[in-house]
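Quick note: numbers below take in every heavy atom, side chains included, and nothing from hydrogens, waters or symmetry partners.
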Amino acid sequence: MKFIFLFLAILLAMGPVVSGRRHVLRCMGDLGICRPACRQSEEPYLYCRNYQPCCLPSYVRIDISGKEGKNDWSRENRWPKVS
């Protein structure tokens, strides 16, 4: 009987295991995925903590100048105008 309680305690203390799925490391505010090699539809941008490239979808644009231009998507420049 003690063996059954011990077995149940160990079973409940273990975390759930999902076979065949690895943890995906996200980057750039959850816009990209850290991979050893980017897919054809992705562009590498900087590097992740595990020294793999941060692969961003090709439609994501990163502005490194820090200035907001007239084509930004701020509240004032949004179309249609929201009041």
Side-chain angles (χ1 to χ4, degrees):
M1 193 67 170
K2 290 181 184 180
F3 179 73
I4 293 174
F5 285 126
L6 179 63
F7 178 74
L8 287 175
I10 292 173
L11 187 65
L12 291 174
M14 291 175 41
V17 177
V18 179
S19 63
R21 301 285 296 183
R22 294 187 334 185
H23 175 71
V24 176
L25 185 60
R26 305 294 294 205
C27 55
M28 291 299 295
D30 290 340
L31 290 176
I33 299 174
C34 299
R35 301 177 201 244
C38 297
R39 296 179 180 164
Q40 281 186 330
S41 62
E42 296 175 336
E43 296 291 327
Y45 183 78
L46 296 178
Y47 285 93
C48 300
R49 293 178 297 201
N50 56 2
Y51 303 106
Q52 294 178 344
C54 179
C55 300
L56 295 174
S58 59
Y59 60 85
V60 175
R61 298 287 179 245
I62 305 296
D63 183 20
I64 59 172
S65 67
K67 297 185 296 185
E68 291 185 10
K70 294 186 185 271
N71 59 353
D72 66 20
W73 287 94
S74 63
R75 174 169 240 148
E76 296 81 25
N77 296 331
R78 210 177 298 159
W79 183 87
K81 297 286 185 190
V82 178
S83 41

TODO: Applying side-chain contact (heavy atoms from CB on, under 4.5 Å), name anything that partners Ile4, two or more places apart in sequence or on another chain.
DONE: Leu8

Task: Contact list for residues 35-51, test salt bridge (Lys or Arg N to Asp or Glu O under 4.0 Å), sequence neighbours left out - done: Arg35-Glu42

TODO: I would like to know whether Leu25 and Asn50 meet side-chain contact (heavy atoms from CB on, under 4.5 Å); could you show each step before the answer?
DONE: CA-CA 9 Å; Leu25 185 60; Asn50 56 2; 3.7 Å; yes

First locate atom [atom1] of [X], then atom [atom2] of [Y], and finally report the distance between them rounded to the nearest 0.5 Å.
X	Y	atom1	atom2	answer
Arg26	Cys48	CZ	SG	10.5 Å
Cys55	Leu31	SG	CG	13.0 Å
Leu46	Cys27	CG	SG	9.0 Å

TODO: Determine, stepwise, if the pair Tyr45 / Met28 fulfils side-chain contact (heavy atoms from CB on, under 4.5 Å).
DONE: CA-CA 9 Å; Tyr45 183 78; Met28 291 299 295; 3.7 Å; yes

